[in-house]
**Student:** 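Structure in structure tokens, see below.
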Amino acid sequence: MYNLGQVALKKGDFVNAKRHFKQLSNLAPKAVQPKVLCAYAYRQLGKLDVAENYLTQALAIDSRQAENWYHLAQIQVQRNHLSAAINSYS
């Protein structure tokens, strides 16, 4: 599933990428990377609320990954949730 999701991402096929990463996330609920990649695919599809949810789940598992905080803040800015974005950047 991971490889299929990566191939779909490289092709710009975000619908299939999110499908593969979502399946992987469900199979490995404590794994961070499938959630991050699922968030990326949803963001590319303009589904910012779902993308934010996946990143929040990933950060609940491992809050030490600064890049994920950055991406979360970027989504929050896009959604005009500026105070949340400031907290995420901090």
**Student:** For Val32 and Asn68: C-alpha separation, side-chain torsions, deciding distance, then whether side-chain contact (heavy atoms from CB on, under 4.5 Å) applies.
**Tutor:** CA-CA 10 Å; Val32 172; Asn68 294 338; 4.0 Å; yes
**Student:** What is the distance from atom CD of Gln33 to atom CD1 of Ile61, rounded to the nearest 0.5 Å?
**Tutor:** 11.5 Å
**Student:** Rounded to the nearest 0.5 Å, how far apart are CG of Leu48 and CD of Gln74?
**Tutor:** 11.5 Å
**Student:** Where do Ser25 and Lys35 come nearest, in terms of heavy atoms and distance?
**Tutor:** OG-NZ, 2.7 Å
**Student:** If you measure from CD on Gln57 to NZ on Lys30, what distance do you get to the nearest 0.5 Å?
**Tutor:** 10.5 Å
**Student:** Going by the side chain to side chain contact (heavy atoms under 4.5 Å, CB included) test, name the single residue among Val36, Leu4, Leu9 that passes it with Phe21.
**Tutor:** Leu9
**Student:** Assigning hydrophobic clusters by single linkage (Ile, Leu, Val, Met, Phe, Trp, Tyr; side-chain heavy-atom cutoff under 4.5 Å), is Ile86 placed with Ile75?
**Tutor:** no
**Student:** How far does NZ of Lys18 sit from CD of Gln23, to the nearest 0.5 angstrom?
**Tutor:** 10.0 Å
**Student:** Are Tyr40 and Leu45 linked, directly or through other ILVMFWY residues, by side chains that come within less than 4.5 angstrom of each other?
**Tutor:** yes
**Student:** What class does the angle between the rings of Tyr54 and Tyr42 fall in, given that below 30° is parallel, 30 to 60° is tilted and above 60° is perpendicular?
**Tutor:** parallel
**Student:** Taking all atoms of both residues into account, what is the closest heavy-atom pair of Ala41 and Ala17, and its distance?
**Tutor:** CB-CB, 4.3 Å
**Student:** Report, as yes or no, whether the 6.0 Å neighbourhood of atom OH on Tyr89 holds more than 12 heavy atoms from other residues, nucleotides or ligands.
**Tutor:** yes
**Student:** Roughly how far, to the nearest 0.5 Å, is the CZ atom of Arg43 from the CG atom of Leu72?
**Tutor:** 10.0 Å
**Student:** Are Leu82 and Trp69 joined in one hydrophobic group, where the rule is that I, L, V, M, F, W and Y side chains link up if heavy atoms are under 4.5 Å apart?
**Tutor:** no
**Student:** Can you name the one residue among His71, His81, Gln76 that meets side chain to side chain donor-acceptor pair (under 3.5 Å) with Ser88?
**Tutor:** Gln76
**Student:** Drop me the distance from Arg19's CZ to Met1's CE, to the nearest 0.5 angstrom.
**Tutor:** 10.0 Å
**Student:** Assigning hydrophobic clusters by single linkage (Ile, Leu, Val, Met, Phe, Trp, Tyr; side-chain heavy-atom cutoff under 4.5 Å), is Val50 placed with Leu24?
**Tutor:** no
